[in-house]
Number of protein chains: 2
Amino acid sequence: MQTIDEIVSLMSSNGLRVTDQRRTLAKLFFETDGYLSPKDVYEYMGRTYSGLSFDTVYRNLRVMEELGVLEQVMFEEGVKFKLHCREHDHHHHMICLGCGKTYPIKFCPMEQTDVPSDFKVLRHKFEVFGHCQSCAAEEGAQ
Amino acid sequence: MQTIDEIVSLMSSNGLRVTDQRRTLAKLFFETDGYLSPKDVYEYMGRTYSGLSFDTVYRNLRVMEELGVLEQVMFEEGVKFKLHCREHDHHHHMICLGCGKTYPIKFCPMEQTDVPSDFKVLRHKFEVFGHCQSCAAEEGAQ
DNA sequence: TTACCTGCAAAGTATTTGCATGCCC
DNA sequence: GGGCATGCAAATACTTTGCAGGTAA
């Protein structure tokens with residue numbers, strides 16, 4: 001797992017300025033083990049930086065994605081970001097639809113998938129969606 | 001597999017008018033065994049209907065999706081549509097990144113995925129991306 | 001005839017870009 | 001001090017909605 005300092009020094013070693021906002025952004029993603037939409041990020045950051053503008057959020061999300069710090073995933077509701085997984089083992093995710101938290105799945109289905117010899121596989125996606133314990137409890141309570 | 005007439009009568013039995021444009025739309029998706037973006041559809045339809053407007057395309061895509069004729073999937077590049085699979089067996093897809101064609105995968109990874117008892121699974125997604133034979137050949141030729 | 005369909009225009013929403021000022025290094 | 005970062009405003013892209021006239025049933 002990556003620390004905030006590692007993220008920050010990765011930014012500075014790539015010629016990027018380490019601003020307050022970027023440090024906060026790193027902290028936010030470091031402390032969130034789930035997906036965040038640009039809007040989520042804007043709202044969180046907005047609590048600290050009153051004059052914050054959406055375009056800076058987008059710019060920094062993009063910069064951090066290009067740096068490999070964040071990864072971007074498309075959901076039905078739109079784009080979301082999370083810290084790029086540093087685990088070396090290839091893995092997939094269970095994703096909670098309530099809170100967005102993710103949990104790793106070690107098992108990779110590709111090993112057992114019969115692919116015709118004339119189809120050249122480039123990448124694959126395996127995602128399990130549902131509710132984590134606490135979100136399931138909340139659902140039940142409503 | 002669904003025929004154009006089946007699609008058309010499904011529309012009419014649901015109180016929808018069977019217009020020329022909708023018939024053409026049904027034909028387009030029937031003949032395309034891959035994903036189409038709203039833009040793809042607009043361009044195809046525009047060849048036949050000169051005054052075509054984008055909003056009608058969107059409206060009809062949405063109507064046909066609500067009817068269960070089409071299914072909608074989010075890609076990195078945006079929303080795309082394809083004929084809803086009529087196969088009764090649960091299955092997944094290999095998707096060609098060149099032409100958008102899809103091929104069924106019978107194997108479902110969920111059977112073999114270890115899910116913690118406190119995570120309540122609602123749905124899952126397994127997609128294999130790559131190039132089909134002819135698109136792989138084209139890639140190689142470039 | 002009636003209700004739905006269509007095109008047009010405009011409004012929404014999401015995201016990107018140009019520019020002037022400000023701040024990190 | 002120099003150059004990247006930021007906020008602002010505006011542009012762009014994508015999608016939806018209201019309305020008036022057209023058309024299937």
Side-chain angles (χ1 to χ4, degrees), chain A residues 4-5 7-28 35-67 69-81, chain B residues 4-5 7-28 35-67 69-81:
Chain A
I4 300 181
D5 285 344
I7 298 173
V8 165
S9 54
L10 182 62
M11 290 202 281
S12 97
S13 69
N14 277 64
L16 298 173
R17 297 281 152 77
V18 180
T19 62
D20 243 35
Q21 229 180 99
R22 283 179 176 166
R23 205 185 302 272
T24 306
L25 198 55
K27 187 161 165 285
L28 168 61
Y35 290 91
L36 295 171
S37 67
K39 202 173 171 186
D40 293 335
V41 174
Y42 177 72
E43 279 164 8
Y44 176 90
M45 300 284 291
R47 290 206 280 275
T48 309
Y49 306 93
S50 58
L52 183 69
S53 65
F54 237 117
D55 48 47
T56 306
V57 170
Y58 275 112
R59 268 189 286 234
N60 282 331
L61 287 174
R62 201 134 314 289
V63 160
M64 289 174 77
E65 196 219 337
E66 277 157 19
L67 236 139
V69 174
L70 298 183
E71 61 188 65
Q72 175 184 327
V73 178
M74 285 300 277
F75 288 85
E76 310 292 312
E77 326 87 62
V79 183
K80 299 200 176 187
F81 295 84
Chain B
I4 301 179
D5 284 345
I7 298 173
V8 165
S9 53
L10 183 62
M11 290 203 282
S12 99
S13 70
N14 276 64
L16 298 173
R17 298 279 153 79
V18 179
T19 62
D20 243 35
Q21 230 180 99
R22 284 179 176 165
R23 205 184 301 273
T24 306
L25 198 55
K27 185 160 166 286
L28 168 60
Y35 290 91
L36 295 171
S37 68
K39 202 172 170 185
D40 293 334
V41 174
Y42 177 71
E43 279 164 9
Y44 175 90
M45 299 284 290
R47 290 206 279 274
T48 309
Y49 306 92
S50 58
L52 184 70
S53 66
F54 237 118
D55 48 47
T56 305
V57 169
Y58 275 112
R59 269 189 286 235
N60 282 331
L61 287 173
R62 200 133 316 288
V63 161
M64 289 174 76
E65 195 220 338
E66 276 157 18
L67 236 139
V69 174
L70 298 182
E71 62 187 66
Q72 174 184 327
V73 178
M74 288 298 279
F75 288 86
E76 309 293 314
E77 325 86 62
V79 184
K80 298 201 176 185
F81 294 84

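Lettering follows sequence order; numbering is per chain, from 1. These numbers come from the heavy atoms of this one structure, side chains and all, not from hydrogens, waters or symmetry mates. All values reported here derive from a predicted model rather than from experimental measurement.
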Query raised in the report: Would you find a donor on one side and an acceptor on the other, under 3.5 Å apart, between the side chain of Arg22(B) and the backbone of Arg17(B)?
Result: yes

Query raised in the report: Rounded to whole angstroms, how far apart are CD on Glu76(B) and P on dT15(C)?
Result: 13 Å

Query raised in the report: Do Asp20(A) and Tyr49(A) touch side chain to side chain, with heavy atoms closer than 4.5 Å?
Result: yes

Report task. Would you mind reporting whether Lys39(B) and Glu43(B) have side-chain heavy atoms less than 4.5 Å apart? Result -> yes

Requested in this report: Name the closest nucleotide to the Arg22(B) side chain, picking from dG7(D), dT15(C), dC4(C).
Outcome: dC4(C)

Requested in this report: Figure out the CE/P separation between Met11(B) and dA3(C), and round it to whole Å.
Outcome: 21 Å

Query raised in the report: Within the pair Gln21(A) and dC23(C), is there a side-chain N or O less than 4.0 Å away from OP1 or OP2?
Result: no

**Report entry** Euclidean distance, atom CG of residue Asp20(B) to atom P of dA25(D) [Å, nearest integer]
**Finding:** 11 Å

Query raised in the report: Is the shortest side-chain N/O distance from Arg17(B) to OP1 or OP2 of dT23(D) below 4.0 Å?
Result: no

Query raised in the report: Are any of the side-chain heavy atoms of Met11(A) and Val63(A) separated by less than 4.5 Å?
Result: no

Query raised in the report: Does Thr19(B) have a side-chain nitrogen or oxygen under 4.0 Å from the phosphate oxygens OP1 or OP2 of dT6(C)?
Result: yes

**Report entry** side-chain N/O Thr56(B) vs dT6(C) OP1/OP2, d < 4.0 Å
**Finding:** no

Query raised in the report: Given atom CE of Met74(B) and atom P of dT15(D), what is their separation to the nearest angstrom?
Result: 8 Å

Report summary line: In whole angstroms, the gap separating C1' of dT15(D) from NZ of Lys80(B) amounts to 17 Å

Requested in this report: Using the closest heavy atom to pick a nucleotide of DNA chain D for each, name whichever of Asn60(A) or Tyr58(B) lands nearer the 5' end.
Outcome: Asn60(A)

Query raised in the report: dT13(C) P sits how many Å from Tyr42(A) OH, rounded?
Result: 15 Å

Report summary line: Asn14(B) atom CG is separated from dC5(C) atom C1', nearest whole Å, by 16 Å

Query raised in the report: With a 4.0 Å cut-off on heavy atoms, is Arg62(A) in touch with a base, just the backbone sugar-phosphate, or nothing at all?
Result: sugar-phosphate

Requested in this report: Indicate, yes or no, whether a donor-acceptor pair under 3.5 Å links the base of dA11(D) to the side chain of Asp55(A).
Outcome: no

Query raised in the report: Among the nucleotides dT15(D), dG7(D), dG7(C), which one has an atom lying closest to any side-chain atom of Arg59(B)?
Result: dG7(C)

Query - Value in whole Å for how far the C1' atom of dC23(C) lies from CG of Leu16(A) - result: 15 Å

Query raised in the report: Under 3.5 Å, is there a donor-acceptor pair between the side chain of Tyr35(A) and the main chain of Phe75(A)?
Result: no

